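Below, all heavy atoms of this structure are taken into account, side chains as well, without hydrogens, waters or symmetry copies. Not measured: the values here are computed from a predicted model. Ligands are counted one by one from 1 in listed order, and the atoms in each one are counted from 1 as well.
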Amino acid sequence: MTHAPHASLLRRRDLAVRAAVEQGLVTEDRSPVAALLDVAAVREQARALHAAFRAVAAPDQPVLHTFAVKASSLVPVLRLLADEGIGCEVASPGELALARAAGVESAATVLDSPAKTGAELREALALGIALNADNPQELARLDALAPGPGARLGLRVNPQVGGGAIGAMSTATATSKFGFPLRDEGAREGLVRAYLDRPWLTRLHAHVGSQGIPLELMAEGVRAVHELAEEINAETERREGRRRIDTLDLGGGLPVNFASDAVDPTYTRYARLLAETVPGLFDGTYGLVTEFGRSLLAKAGTVLARVEYAKTSGGRRIALTHAGAQLAVRTVFAPDAWPLRVAAYDPKGRPKTGEPVVQDVAGPCCFAGDLVARERPLPLLEESDHAALLDTGAYYFSTPFGYNSLPRPGVYGYTVDEDENVSFATVREPQTVREIIAESGGAQRDALRGLMATG
Ligand SMILES: *Cc1c(COP(=O)(O)O)cnc(C)c1O
């Protein structure tokens, strides 16, 4: 079941590219590459998520949707999502600080990282942030902190239901580094015991995986988590007269279709599949938390880069653009797992027409593999044209690679009014050369010479 996008999403993208060129967002002086975010598309997707779960949840069943901050660690984006009723899933002190800078409440924040330090655990407890412990040693550290009854604490389990198409995105394989394994010898009994011993453990978390995981496998993982919660609750009910686990945290990972403009799968399809696979999930027994990242933002983002030069080498056409490994890290280093669509625009930002020509689209980095598309049929990209990397709203704007000291590009949100006027708001200024010097030890210029003098 594919949901055809509103035609206006594509129209808005073309208008935004044109306006970005006209308004000088991708000029030599400012920056030859920019990231554009369709604000209406983000809001639409957030609303689609709420609607999909509302349609299957029990009336009054608490459902907290959080956004996996690593997918777009930009304060204005987190604020936009918060306005749409979406909290934050954080996995580091930096991400927690960004969520707080965006004004996201502790009650709407979940901390999940696999290697939390003692200081992070103390901070999360002090702030009242929900936290999922990853392993027995972390649980022992929590024991030492003696959490109060109001703490919202759970364990992350690995349901070990298997992996998907991309190994690096598969968190529920038998040997994944994440969480308490559920199917290892004696693991289940150990988990039940962990809850019986700790009255403050009230939640259960699993994240089956991200891009490349079949929906059915995700639902199987959720089924395993629900079954375990039921088992633990039956035990605690027998011993303490109460069902202890009140909240299930369901991880993220809805795959994104990078092959066309269609939103596929939809949140509705996933929510319905969950309701069919795990009927008890939506009977109102448990509060639910979700942690979607990529699927909330991917389709809303476009990276727009100037084509600096176009050349031919060994018979291959190559467009040398300003979008490469410094922002499309996964696409460049794992091109088969992370292919991107490229759209061609002319020097004025109008869609390029013309017979497709097989060409490579290269980035600006000094290594031969810095290609965002190989042997791709596209209208021929020429000097001063623009190349747009589509579906790049998640993970591309905010997970840079510092190669060649290339600056992080500016990020601009846009809206389009009825008269097709485009308005931009700066989400992040392009990084300046001065900032690059500062983060590269510029203030410590003589540090190593000093060592030599005294050595
Ligand atoms: C990354 C992550 C997510 C979000 O995954 P997406 O594929 O971006 O939706 C959710 N939960 C946890 C624990 C994660 O690490």
Side-chain angles (χ1 to χ4, degrees), residues 42 45-46 48-49 52-53 64-74 77-78 81 86-92 94-96 98-99 108-116 120 124 129-135 138 154-159 163-173 176-180 203-215 217-218 221-222 225 247-258 263-267 270-271 274 288-301 329-330 334 337-338 391-399:
V42 176
Q45 195 62 349
L49 173 59
F53 276 75
L64 170 66
H65 297 293
T66 67
F67 171 67
V69 169
K70 69 175 182 288
S72 182
S73 44
L74 295 163
V77 171
L78 304 181
L81 289 167
I86 292 182
C88 285
E89 186 266 349
V90 299
S92 73
E95 289 183 0
L96 174 55
L98 294 177
T109 305
V110 180
L111 173 66
D112 280 338
S113 49
K116 306 173 201 75
E120 281 178 81
I129 283 165
L131 175 166
N132 295 304
D134 180 85
N135 58 69
E138 187 170 84
L155 299 186
R156 174 172 183 165
V157 298
N158 170 8
I166 308 175
M169 296 292 113
S170 299
T171 47
T173 58
S176 159
K177 76 171 184 177
F178 291 107
F180 288 74
R203 302 160 73 100
L204 194 56
H205 172 233
H207 171 54
V208 174
S210 292
Q211 189 70 15
I213 306 288
L215 286 198
L217 193 66
M218 288 175 64
V222 173
V225 168
T247 303
L248 300 180
D249 184 338
L250 305 180
L254 197 73
V256 165
N257 165 31
F258 285 99
V263 175
D264 176 30
T266 60
Y267 288 125
Y270 180 52
L274 284 180
L288 302 178
V289 178
T290 73
E291 306 171 343
F292 295 102
R294 182 175 292 105
S295 56
L296 272 165
L297 285 190
K299 295 257 166 230
V329 188
R330 282 178 173 154
W338 301 102
D391 310 321
T392 45
Y395 294 98
Y396 288 89
F397 296 2
S398 64
T399 44

(message) With a 4.5 Å cut-off on side-chain heavy atoms, are Leu297 and Phe67 touching?
(response)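 Side chain of Phe67 against side chain of Leu297, heavy atoms only: contact under 4.5 Å found.
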Any donor-acceptor pair under 3.5 Å linking the side chain of [X] with the backbone of [Y]?
X	Y	answer
Glu95	Ser73	no
Thr171	His207	yes
Lys116	Asn132	yes

(request) Could you check Thr290, Val289, Val90 and say which one makes a side-chain contact (heavy atoms from CB on, under 4.5 Å) with Val110? (result)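 With Val110 as partner, side-chain contact (heavy atoms from CB on, under 4.5 Å) holds for just one option, Val289.
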(request) Can you tell me which residues line ligand 1 if we count any heavy atom under 4.0 angstrom from one of its atoms, in chain and number order? (result)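 Contacting ligand 1 under 4.0 Å are Ala68, Lys70, Glu89, Asp112, Arg156, His207, Ser210, Gly252, Gly253, Glu291, Phe292, Gly293, Arg294, Tyr395.
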(request) Would you please indicate yes or no on a ring centroid separation below 6.0 angstrom for Phe53 and His65? (result)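 Centroid distance His65-Phe53: below 6.0 Å, so yes.
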